[in-house]
S.K.: 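What follows is a structure written as structure tokens; I'll ask about it next.
These values consider heavy atoms only, across backbone and side chains, with no hydrogens, waters or symmetry-generated copies. Lettering of chains follows the sequences in order, A, B, ..., and the numbering in each one begins at 1.
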There are 2 protein chains.
Amino acid sequence: MSNEQALKQYDVKKYRTPDGYTSDIAVFTILSDKTEAFKPPAMKLNLMLIKRSMTDSEGRTNIEAGKWALPGGFVGETETAFQSAQRELKEETGVDRIHLEHFGVYDKPGRDPRGWIISNAHYAIVPEHRLADRVAQDDASEVALFPVEEVFKLDLAFDHETIIRDAVAVIRKKLLETTAAKAFLPEEFTYSELQAVLLTVTDDTAIALDAAFARKIKTLPFIEEIAGKKTTRTSKKPTQLYRFNDAPVNSSIYYAKK
Amino acid sequence: MSNEQALKQYDVKKYRTPDGYTSDIAVFTILSDKTEAFKPPAMKLNLMLIKRSMTDSEGRTNIEAGKWALPGGFVGETETAFQSAQRELKEETGVDRIHLEHFGVYDKPGRDPRGWIISNAHYAIVPEHRLADRVAQDDASEVALFPVEEVFKLDLAFDHETIIRDAVAVIRKKLLETTAAKAFLPEEFTYSELQAVLLTVTDDTAIALDAAFARKIKTLPFIEEIAGKKTTRTSKKPTQLYRFNDAPVNSSIYYAKK
DNA sequence: GAAATAGTGTCTTTTAGACACTATGCA
DNA sequence: TGCATAGTGTCTAAAAGACACTATTTC
């Protein structure tokens with residue numbers, strides 16, 4: 001018998017099926033504490049959360065109303081969770097064309113009081129200025145950025161505390177093991193700007209000490225000096241600008257960087 | 001109004017919901033081409049696949065019958081995909097207590113002809129001897145191991161070609177960037193055994209050259225020599241045995257191994 | 001002794017780490 | 001001139017890379 005005939009016999013609702021499939025997005029940005037002239041930035045890793053409205057668009061009381069949550073929403077039948085995440089992010093924050101990546105699935109029974117709902121979690125990395133025009137829409141009564149240490153003091157919806165803990169661990173790892181820092185920085189940046197980004201997730205002395213890092217950045221194969229181009233935005237002395245190139249990154253634990 | 005009251009009003013079937021949620025498992029093992037006395041092993045990365053039965057347990061023609069597929073199955077409402085993967089693996093292959101890890105979600109519309117079915121994919125790393133008593137059960141008419149290069153010549157079910165490509169890329173990365181090689185090796189191993197595992201996924205000279213790797217293994221913080229303990233299973237000259245310890249692994253691209 | 005695997009000796013080059021010093025330009 | 005940031009000079013130690021050499025055992 002053919003596959004087509006087999007399909008006709010197949011009863012898609014024979015088994016208990018999930019009550020929903022959602023995408024959640026942990027949007028990270030890095031905020032400079034203050035932006036003084038001739039100062040290298042002091043940065044903090046922030047996470048964007050929304051406050052769930054008391055009522056939904058049809059006026060009924062919302063589930064987990066008033067709690068803080070990751071932006072996200074139900075995935076439609078004609079899209080992937082990744083596409084859904086991109087769409088939700090654009091709708092809810094106006095942010096488009098951003099580095100977005102899957103990092104986990106949350107499917108523990110009972111995680112959502114509404115039923116058997118599976119969440120596909122993504123993280124996004126967004127430079128500060130891209131979030132300037134964020135607005136609360138739809139189910140959200142507020143949109144805000146919180147330093148990651150502050151987030152766990154909030155009343156968080158569903159199992160978002162777990163998801164956020166995982167997201168923070170993943171982004172720390174990604175910042176140190178890949179060139180993800182690129183997404184937090186302008187095209188052209190100084191050593192102290194890259195340093196500030198990395199210091200949000202590590203305190204390793206190779207990065208924390210200015211002299212060591214200023215020297216180090218010149219030997220990294222995936223970063224190149226922009227010949228003769230300097231800026232004074234971080235200091236009075238004109239500072240060399242760098243950019244990421246496309247050199248492949250290798251982080252094997254068994255052999256050295258090539 | 002309370003959360004409880006809001007829940008009562010909530011109609012879980014208001015939206016179109018998925019038709020199923022499955023777990024798939026890419027079970028990798030490493031096979032030694034031949035096991036001669038006093039020989040270091042020559043190894044190949046293999047993947048375990050099942051051949052889908054022509055009929056299901058109730059005698060009806062199966063979907064994608066006769067094609068090769070990753071083991072897996074539908075996730076129940078009272079379990080996570082991870083638990084489902086562990087269960088299926090035990091049921092289908094008799095393999096228990098194995099390193100199992102989520103690596104991706106497959107949810108592209110149309111990926112499964114039966115409907116809107118989301119697959120949560122895992123990989124497993126299993127030493128050769130743990131698969132000795134594998135048997136075809138349930139929906140599988142055959143269980144077999146294939147060298148990864150051979151897998152893509154097979155007629156694969158659903159979108160399993162995509163899932164397998166991702167799994168292979170993930171395992172290559174994990175073997176080089178984490179101590180995952182441990183799961184392919186006995187507790188105590190020689191430098192040439194670890195070398196053989198790593199050579200299944202890289203040809204870097206730092207690993208391929210005997211003298212270099214024999215020296216290197218002694219400097220790796222996460223591997224320790226077992227003082228005075230030797231074996232002759234890989235050579236006539238007694239060879240030093242090593243084991244993995246619990247030292248943390250660091251693979252930052254910005255600073256050196258500590 | 002030949003063959004095969006497992007190393008070590010030794011030299012060169014590169015990288016890492018420490019810490020003092022110099023460079024630039026604004027107030 | 002002082003101050004703050006951005007570097008460089010210089011030394012030492014460790015690691016990486018190359019290649020010849022030695023060590024142990026079986027046949």
Side-chain angles (χ1 to χ4, degrees), chain A residues 32 34-43 188-196 199 202-223 225-242 250-258, chain B residues 32 34-43 188-196 199 202-223 225-242 250-258:
Chain A
S32 307
K34 49 182 181 235
T35 312
E36 277 176 48
F38 309 121
K39 274 274 177 189
M43 295 178 169
E188 307 184 338
F189 53 87
T190 67
Y191 87 89
S192 62
E193 288 169 334
L194 173 57
Q195 185 186 28
L199 286 177
T202 185
D203 55 2
D204 191 279
T205 57
I207 289 172
L209 300 177
D210 292 339
F213 196 68
R215 193 165 261 147
K216 182 81 185 183
I217 197 171
K218 283 188 265 193
T219 72
L220 297 173
F222 49 86
I223 290 180
E225 208 172 290
I226 307 170
K229 200 153 180 198
K230 308 203 174 206
T231 181
T232 53
R233 67 174 175 255
T234 61
S235 92
K236 291 162 185 171
K237 173 172 175 182
T239 309
Q240 180 61 50
L241 285 168
Y242 296 87
N250 148 34
S251 58
S252 171
I253 60 175
Y254 296 104
Y255 52 87
K257 299 163 186 69
K258 290 271 165 53
Chain B
S32 306
K34 50 183 179 235
T35 311
E36 276 176 48
F38 311 121
K39 273 274 179 191
M43 296 179 169
E188 307 183 337
F189 53 88
T190 68
Y191 88 88
S192 63
E193 288 170 334
L194 173 57
Q195 185 187 28
L199 285 177
T202 185
D203 55 2
D204 191 279
T205 58
I207 289 172
L209 301 177
D210 291 340
F213 195 68
R215 193 164 260 147
K216 181 84 186 182
I217 196 172
K218 285 188 266 193
T219 72
L220 297 173
F222 49 87
I223 290 180
E225 209 172 290
I226 307 172
K229 200 155 181 195
K230 306 203 175 206
T231 183
T232 54
R233 67 173 175 257
T234 62
S235 95
K236 292 163 184 170
K237 174 173 175 181
T239 308
Q240 181 59 51
L241 285 168
Y242 297 86
N250 149 35
S251 59
S252 171
I253 60 175
Y254 295 105
Y255 52 88
K257 300 163 183 69
K258 291 273 164 50

S.K.: Taking B:Thr205 for its side chain and B:Ala208 for its backbone only, find out whether a donor-acceptor pair lies under 3.5 Å.
M.R.: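 The answer is no, because no donor-acceptor pair under 3.5 Å joins these two groups.
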S.K.: Does A:Lys218 have a side-chain nitrogen or oxygen under 4.0 Å from the phosphate oxygens OP1 or OP2 of D:dT8?
M.R.: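 Indeed, a polar side-chain atom of A:Lys218 lies that close.
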S.K.: Ignoring backbone atoms, test whether A:Ser192 places a side-chain nitrogen or oxygen under 4.0 Å from the OP1 or OP2 oxygen of D:dA6.
M.R.: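 Looking at the OP1 and OP2 atoms of D:dA6, one of them is under 4.0 Å from a side-chain N or O of A:Ser192.
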S.K.: Give me the ring orientation class for A:Tyr191 and A:Phe213: parallel if the planes are under 30° apart, tilted from 30 to 60°, perpendicular past 60°.
M.R.: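 Plane angle between 30° and 60°, so tilted.
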S.K.: Can you identify which nucleotide, out of C:dA18, C:dA16, D:dT5, has its nearest atom closest to the A:Leu209 side chain?
M.R.: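 Nearest nucleotide to the side chain: C:dA18.
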S.K.: What's the separation between atom CD in A:Gln195 and atom CD1 in A:Ile217, rounded to the nearest 0.5 Å?
M.R.: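 Between A:Gln195 CD and A:Ile217 CD1, I get 9.0 Å after rounding to 0.5 Å.
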S.K.: Check every atom of D:dT25, C:dA16, C:dG25 against the side chain of A:Thr219 and return the nucleotide holding the closest atom.
M.R.: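 The answer is C:dA16.
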S.K.: Could you give the CD-to-P distance, from A:Gln195 to D:dG7, as a whole number of Å?
M.R.: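 Value for this atom pair: 11 Å.
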S.K.: Using the side-chain heavy atoms of A:Gln240, tell me which of these nucleotides is nearest: D:dG7, C:dT5, C:dA16.
M.R.: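 Minimum distance to the A:Gln240 side chain belongs to D:dG7.
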S.K.: Could you work out which one of C:dG7, D:dT8, C:dT24 sits closest to the side chain of A:Ala211?
M.R.: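 Of C:dG7, D:dT8, C:dT24, D:dT8 is nearest to the side chain of A:Ala211.
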S.K.: Can you tell me which nucleotide in D:dA6, C:dG7, C:dC19 comes closest to the side chain of B:Ala214?
M.R.: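 Closest nucleotide among those given: C:dG7.
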S.K.: For a quick check, tell me whether the side chain of B:Arg215 and the base of C:dG9 share a donor-acceptor pair closer than 3.5 Å.
M.R.: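 Looking at the base of C:dG9, it does pair with a donor or acceptor on the side chain of B:Arg215 (distance under 3.5 Å).
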S.K.: Does A:Glu225 reach the main-chain N or O of A:Leu241 with its side chain, forming a donor-acceptor pair under 3.5 Å?
M.R.: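 Between the backbone of A:Leu241 and the side chain of A:Glu225 there is no qualifying donor-acceptor contact (under 3.5 Å).
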S.K.: Within the structure, does a side-chain N or O atom of A:Tyr191 lie under 4.0 Å from either OP1 or OP2 of D:dG7?
M.R.: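 For D:dG7, OP1/OP2 do not have a side-chain N/O of A:Tyr191 under 4.0 Å.
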S.K.: Take B:Lys216 and A:Ser235, find for each the nucleotide of DNA chain D with the closest heavy atom, and name the residue whose nucleotide sits nearer the 5' end.
M.R.: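 That would be A:Ser235.
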S.K.: Can you find a side chain N or O atom of B:Thr234 that sits less than 4.0 Å from OP1 or OP2 on C:dA6?
M.R.: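 Result: yes.
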S.K.: Nearest-Å distance, CG (B:Asp204) to P (D:dA16)?
M.R.: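 Taking atom P of D:dA16 as the reference, CG of B:Asp204 is at 12 Å.
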